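Being a predicted model, the structure only gives us computed values, none of them experimental. Protein chains get the first letters and strands the later ones, always in sequence-line order, with residue 1 at the start of each.
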Amino acid sequence: MRRPVFIAGRGAVSGFGLGVQALVDGVFSGQTALRPRARTAEYEVATTVVGEIPAGTFDPNIPENDLPRHTALVAIEEAFAEAREPDRRGMGIVLATTKADMSGICGEGLGLGSPMHLARQLSQQLELGIEPSALSCACASGVLGIATAARRIATGECDRLLVIAVDVINEFILKGFGGMGALDPERCRPFDAERRGVSLGDGAAAIVLSANEQESIGIRVAGYAGANDACHVTGPDYEGTGIAIAATRAVRHAGLTMADIDSLQLHATGTRANDKSEAIGLGKAWADVADKTPPAFGTKSQTGHTLGAAGGIESLLAIATLERRMVPKNIGLENCNCDPRLDLPTSPRQLTRANHALKVASGFGGVQGAAVFSA
Amino acid sequence: MNASILACGIVDEVGIAGTRGVTATWQDLEMQVPGTGKTMKVLFDKADPTFRRIDMLARSLVLACEAADLEALLTPAQRQEASICVESDLGALATDLNFASSLNDECVHAGIFPYSLTSTSLGEVALRYKLRGPTISMSVRDGDAGESLREALRMLNCGDCSHVVTGVVDTLREPAVGRPAIMRAIVAVLSADDPGSGLGTLSWPERSATNIDPFLQFAAMCR
């Protein structure tokens, strides 16, 4: 029998600054944290904006390679506070990231792009009693990190785990996406006919999961699943097969049907291929129960694409739709040219029912992840 | 928490071997580790026009899966539900260093950038065998070996998938940034425990302070 998994605490750092409140308020009020590049201004890439953590948030003398650790620690501190400072001896960390600390590859240091290196650092610094785990599943890392941690709690292996999803943009990442021609020169516009690519951003999301309902903030991780497009390593399946499989598996895992889902938090990168296939896949996933999906929203035009952190940060926003009984508008979307079955509000939408939110994510390697959060 | 081991495959600096019959050394094959554009044809009589362009990590994983005869082992329906969960200590270090060396060039090595993520190499396996279950790339450091096996056992035990391709992959052609050269990809195909079926049973690999390599049992099954 699977034990229920509850959310006990949340923390975030994003382009909106410190805290979940700043993130949620910023997104739901229609603001964007995509600003002219400052910390990363020296890197020659074909985009003017990124979602950097605001200047002044951290000591400017902190090396860029060490920013993921600092960013994670601040998010964790907030999550632990909401979770009423849980016993750390009975807690472990599941780190979700793409590259974590790039020291040793870019500049001096021992990070070597190893997620486990950062996980161990954080675990030791926080004096957590359970050995850390780390995964790198591209831009689906955050969602799959939640799934990995939830599975351990569900099986009874442990009672409490901390998921930390983090990535901080750097020259390596900016030039990588730039070299692939994947960056929008200006602010990205997911699902818009004029979209030209992705905007990147910094971010961290910390989520404390618990088996104890008394520790819950009133939200549980009801279902989770992964899938693979099995089609192409950097481009999506044009039928959106993988993301549809992940979404339907997660909903089934939650013991629900697609008709039960009240809000949908999208991957929505702003690339032509991703948005087109995501709309087709999710449109098909709901086709048996409705003409349209539940109200769906993407937030990378507000936070930037925070890569391994995205699944964590955007899961917090999916949860916020249940708490606020509202789906925010899709910023940057003026003229949609994607599958019309994907319901993309261009103004905030009140929810008449707010019980279950679905978050989906995709990444290089055809990796897909999905999670259902229930009130 | 146990699972049945259905098949194994290994690619290392010596050669390639698998429980479904293939055994060859790179020396005998007169090929560079881990194979060239002709390797799939020579060893498995298969055409794989994109094998040549993929990185060492992906090549070694794909070949290890071929040595386990993954395509014949599982039906298309089983592969549709099968997961791949592989761990790595070095991750994509070789590709990272290669890409980083181009950062000051007029054009970066954009073609290899996606392979700076280990999950991309797992994706190369998933797309070849149409593995549409969860794709999980675990990161480990010395002494953590077995994370992928524990996660595979959890997924099977929870019923989150029916079969898991699990294992370890680390490739670094020459010593770099203080890490020694290494070449190994070891995979095992697991199913929910069915006593008496398969090659044996995988038990929960405890974290070990003695650095016992939990993948050696699979390697031993191959050779």
Ile245(A) versus chain B, heavy atoms under 4.5 Å apart: side chain, backbone, both or neither? side chain

Using a cut-off of under 4.5 Å on heavy-atom pairs, state which of Ala110(B), Pro114(B), Ser121(B) scores highest against chain A. Pro114(B)

So which of Met180(A), His117(A), Arg2(A), Arg120(A) has the biggest tally of heavy-atom pairs under 4.5 Å with chain B? Arg120(A)

Would you indicate whether Leu110(A), at its atom CG, is surrounded by more than 12 heavy atoms from other residues, nucleotides or ligands within a distance under 6.0 Å? no

Drop me the distance from Gln368(A)'s CD to Arg132(B)'s CZ, to the nearest 0.5 angstrom. 10.0 Å

Contact leader toward chain B among Val233(A), Thr97(A), Thr148(A), where contacts are heavy-atom pairs under 4.5 Å: Val233(A)

Look at atom NZ of Lys38(B) and say whether more than 12 heavy atoms of other residues, nucleotides or ligands are closer to it than 6.0 Å. no

Against chain B, label Thr241(A) side chain, backbone, both or neither, depending on which of its atoms sit under 4.5 Å from a heavy atom there. side chain

Proximal component of Asp237(A), with respect to chain B [non-hydrogen, under 4.5 Å]: side chain

Under a 4.5 Å heavy-atom cut-off, does chain A meet the side chain of Glu124(B), its backbone, both or neither? both

Let's go through Val177(B) and Ile105(A) carefully: what are the C-alpha distance in whole Å and the side-chain angles of both, what is the deciding distance for side-chain contact (heavy atoms from CB on, under 4.5 Å) to 0.1 Å, and is it a yes or a no? CA-CA 8 Å; Val177(B) 287; Ile105(A) 295 168; 5.9 Å; no

With a sphere of 6.0 Å drawn around CZ of Arg272(A), does it hold more than 12 non-hydrogen atoms of other residues, nucleotides or ligands? yes

What part of His253(A) gets closer than 4.5 Å to chain B, counting heavy atoms only: side chain, backbone, both or neither? side chain

Chain B shares the most heavy-atom pairs under 4.5 Å, among Val367(A), Thr234(A), Thr155(A), Leu112(A), with Leu112(A)

Show your working on side-chain contact (heavy atoms from CB on, under 4.5 Å) between Glu151(B) and Arg152(A) and close with a plain yes or no. CA-CA 9 Å; Glu151(B) 193 62 20; Arg152(A) 291 181 197 182; 3.2 Å; yes

Can you tell me which of Ile54(B), Leu103(B), Asn157(B) forms the most heavy-atom pairs within a distance under 4.5 Å of chain A? Leu103(B)

Can you give me the closest heavy-atom contact between Glu147(B) and Pro132(A), atom names plus distance? OE1-O, 4.3 Å

Below 4.5 Å from any heavy atom of chain B, which atoms of Leu95(A) appear? Answer side chain, backbone, both or neither. neither

Given that the side chain runs from C-beta out, which part of Val140(B) has a heavy atom under 4.5 Å from chain A: side chain, backbone, both or neither? backbone

Interface moiety of Tyr43(A) toward chain B, non-hydrogen atoms closer than 4.5 Å: neither

Given heavy-atom pairs under 4.5 angstrom as the criterion, report whether the side chain, backbone, both or neither of Arg150(B) touches chain A. neither

Which atoms of Gln80(B) come close to chain A, meaning under 4.5 Å heavy atom to heavy atom: side chain ones, backbone ones, both, or neither? both

One should read off an interatomic distance between Ile136(B) CD1 and Leu144(A) CG, to the nearest 0.5 angstrom, of 4.5 Å

Tell me if a side-chain donor or acceptor on Ser137(B) pairs with a main-chain N or O of Ser136(A) at a distance below 3.5 Å. yes

Interchain contact, Glu44(A) with chain B, by part (heavy-atom threshold 4.5 Å): neither

Show your working on side-chain contact (heavy atoms from CB on, under 4.5 Å) between Asp96(B) and Phe172(A) and close with a plain yes or no. CA-CA 9 Å; Asp96(B) 289 344; Phe172(A) 189 99; 3.7 Å; yes

Need one label for Leu131(B): side chain, backbone, both or neither, based on atoms under 4.5 Å from any heavy atom in chain A. backbone

Ring center gap for Phe364(A) and Tyr115(B) short of 6.0 angstrom: no

Give a yes or no on whether the backbone of Ser116(B) and the side-chain of Lys99(A) come within a donor-acceptor separation of less than 3.5 Å. yes

Mind running side-chain contact (heavy atoms from CB on, under 4.5 Å) on Arg249(A) and Glu81(B) for me, showing each step along the way? CA-CA 11 Å; Arg249(A) 279 181 184 159; Glu81(B) 301 291 326; 3.5 Å; yes

Testing the basics here: between Ile173(A) and Phe113(B), what is the closest heavy-atom pair and its distance to 0.1 Å? O-CZ, 4.0 Å

Based on non-hydrogen pairs under 4.5 Å, which of Ala119(A), Cys231(A), Gly113(A), Cys106(A) is most in contact with chain B? Cys231(A)

When heavy-atom pairs shorter than 4.5 Å are enumerated against chain A, which of Gly123(B), Ser139(B), Pro134(B) gives the highest number? Ser139(B)

Which bit of Cys158(B) comes within less than 4.5 Å of chain A, counting heavy atoms only: side chain, backbone, both or neither? side chain

Residue from Gly363(A), Gly179(A), Ala134(A) scoring the most non-hydrogen pairs under 4.5 Å with chain B is Ala134(A)

Are any side-chain N or O atoms of Ser119(B) and backbone N or O atoms of Cys137(A), one a donor and one an acceptor, separated by less than 3.5 Å? no

To the nearest 0.5 Å, what is the distance between OG on Ser114(A) and CG on Asp89(B)? 7.0 Å

